[in-house]
Amino acid sequence: MDAKHSIAADLLNWYDAHRRDLPWRAPPGAQADPYRVWLSEVMLQQTTVATVTPRFTAWVARWPDIASLAAADEAEVMAAWAGLGYYARARNLVKAAKVVAAEHGGRLPDNEAALRALPGLGDYTAAAVAAIAFGRRAVVIDGNVERVVARLFAAAGKPAVRAAAEAITPDRRAGDFAQAMMDLGATICTARSPRCMLCPLAAACVARATGAQESFPVKPAKKPRPQRFGTIFWLQRGDEVLLVRRPARGLLGGMRALPTGPWGETRPALADAPADADWRLRNATVTHVFTHFALELALAVARWDAQTIPVAGEWWPVREIDSAGLPTVFAKAAAAIRGE
DNA sequence: TAACCGTGGCA
DNA sequence: TTGCCAAGGTT
């Protein structure tokens, strides 16, 4: 057995003894449900296992298979995703479920290329589903694999990492191999302070040999995060507050929301209010950090006494605001206004 | 290619 | 407190 086969064998042996028990994983040797594998992979995109686990369980209780998801009410789906972030994932889940229902007989395609063509499945997710759900040999590269492989071979740059990952991916048990790499990356070969003393691959690790494990993978410098400002408009009629639906694309796309003016580089006042009302600006502000900018929101509050609705939207019971499926930034604003 | 796209936990 | 980090994808 050569060195590269030995890596896969050693890793799989470690996996058989130390694999994490996760709700989307089938018991050892059993066939995984492709829908659950797909759903978990999408939920786990840039999202921790701890965050995903309860959301996954609730999701499959509500939409247990692809057919139910393809027929789901999109507003309910978006509300169910609220708080998880990267909301295009939820929109693409429904889109892909409809494609699978209409064009694939209701079953996920069982090969990487066809999976890759579905919305929301990129190189990583298509490979992961092909390997984990269908036992295909696929080169699965996520952040964990990139880190593990970069350290194992002191590989710098994505092409070098991919070549190395391709070389060590076994023909058999490719799905277990991928999950083993991810478990190793999540529990042993961590980004900070890796536990090399516990690593089943330590003897083969090039970076470890020179003490350079924390220098891999090589990360590009990050750009500064700009500051933006905006105003949230809380319009209350009796015990209800005005909620709107954000545009289908872009930031928080398709999500229920509190009305807000545009977010710019200077502090706005009461421009772009959804109604001509007696707006009062609160002293407190709400801050929220997105991936690529930080936001400071002023809070404007007014009453609305007419029976009409000033803009396209809905009156929502304030007492039930937590069930509206608001993204976190709006949930924060609602909590701040109600708490005062 | 690089910008855009969320959130919560942790050192 | 601030920045980093987590099973990435789309345009």
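Just so we're on the same page: letters track the sequence lines, and every chain starts at 1. Note that the coordinates shown come from a computational prediction; the quantities given were computed from them, not determined experimentally.
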Looking across every strand, which nucleic acid part, if any, lies under 4.0 Å from A:Leu252 by heavy atom: base, sugar-phosphate, or nothing?
-> sugar-phosphate
How many Å lie between CZ on A:Phe290 and C1' on B:dC4, as a whole number?
-> 12 Å
Spacing of the P atoms in B:dG6 and C:dT11 (rounded, Å) | 14 Å
Whole angstrom is fine here: how far is it from CZ in A:Arg228 over to P in B:dC4?
-> 7 Å
Determine the contact category for A:Gly253: base if any of its heavy atoms lies under 4.0 Å from a base atom, sugar-phosphate if only primed atoms, P, OP1 or OP2 are that close, otherwise nothing.
-> nothing
Does A:His292 have a side-chain nitrogen or oxygen under 4.0 Å from the phosphate oxygens OP1 or OP2 of B:dC5?
-> yes
Measure the distance from CZ on A:Phe330 to C1' on B:dT7 and round it to the nearest whole Å.
-> 14 Å
A:Tyr87 OH to B:dC4 C1', in whole Å, measures 16 Å
Given the side-chain rings of A:Phe229 and A:Trp263, with only the six-membered ring counted for Trp, is the space between their centroids under 6.0 Å?
-> no
Just checking A:Val289: base, sugar-phosphate only, or nothing, at a heavy-atom cut-off of under 4.0 Å?
-> base
Residues in side chain to side chain donor-acceptor pair (under 3.5 Å) with A:Arg107, at least two apart?
-> none
Atom pair distance, as rounded to whole Å: CH2 in A:Trp263 and C1' in B:dC4 | 14 Å
For atom P, what is the distance between C:dA7 and B:dC10, given to the nearest Å?
-> 15 Å
Salt bridge between A:Arg256 and A:Glu314, side-chain N to carboxylate O under 4.0 Å?
-> yes
When the ring centroid of A:His288 is compared with that of A:Phe290, is the distance short of 6.0 Å?
-> yes
Given atom CZ of A:Arg55 and atom P of B:dG9, what is their separation to the nearest angstrom?
-> 13 Å
A:His288 side chain near B:dG6 phosphate (N/O to OP1/OP2, under 4.0 Å) | no
Is the shortest distance from a Lys or Arg side-chain nitrogen in A:Arg162 or A:Glu146 to a carboxylate oxygen in the other one below 4.0 Å?
-> no
Is it true that A:Arg62 and A:Glu76 make a salt bridge, defined as a side-chain N closer than 4.0 Å to a carboxylate O?
-> yes
For A:Asp322, which residues count as a side chain to side chain donor-acceptor pair (under 3.5 Å) partner, sequence neighbours excluded?
-> none
Atom C1', compared across C:dT10 and B:dT1: separation rounded to whole Å | 13 Å
Starting at NZ of A:Lys332 and ending at C1' of B:dG6, how long is that distance when rounded to a whole Å?
-> 11 Å
Nucleic acid footprint by protein, nucleotides 4-11 of chain C - heavy-atom cut-off 4.0 Å, B for base, S for sugar-phosphate alone | -SBBBSS-
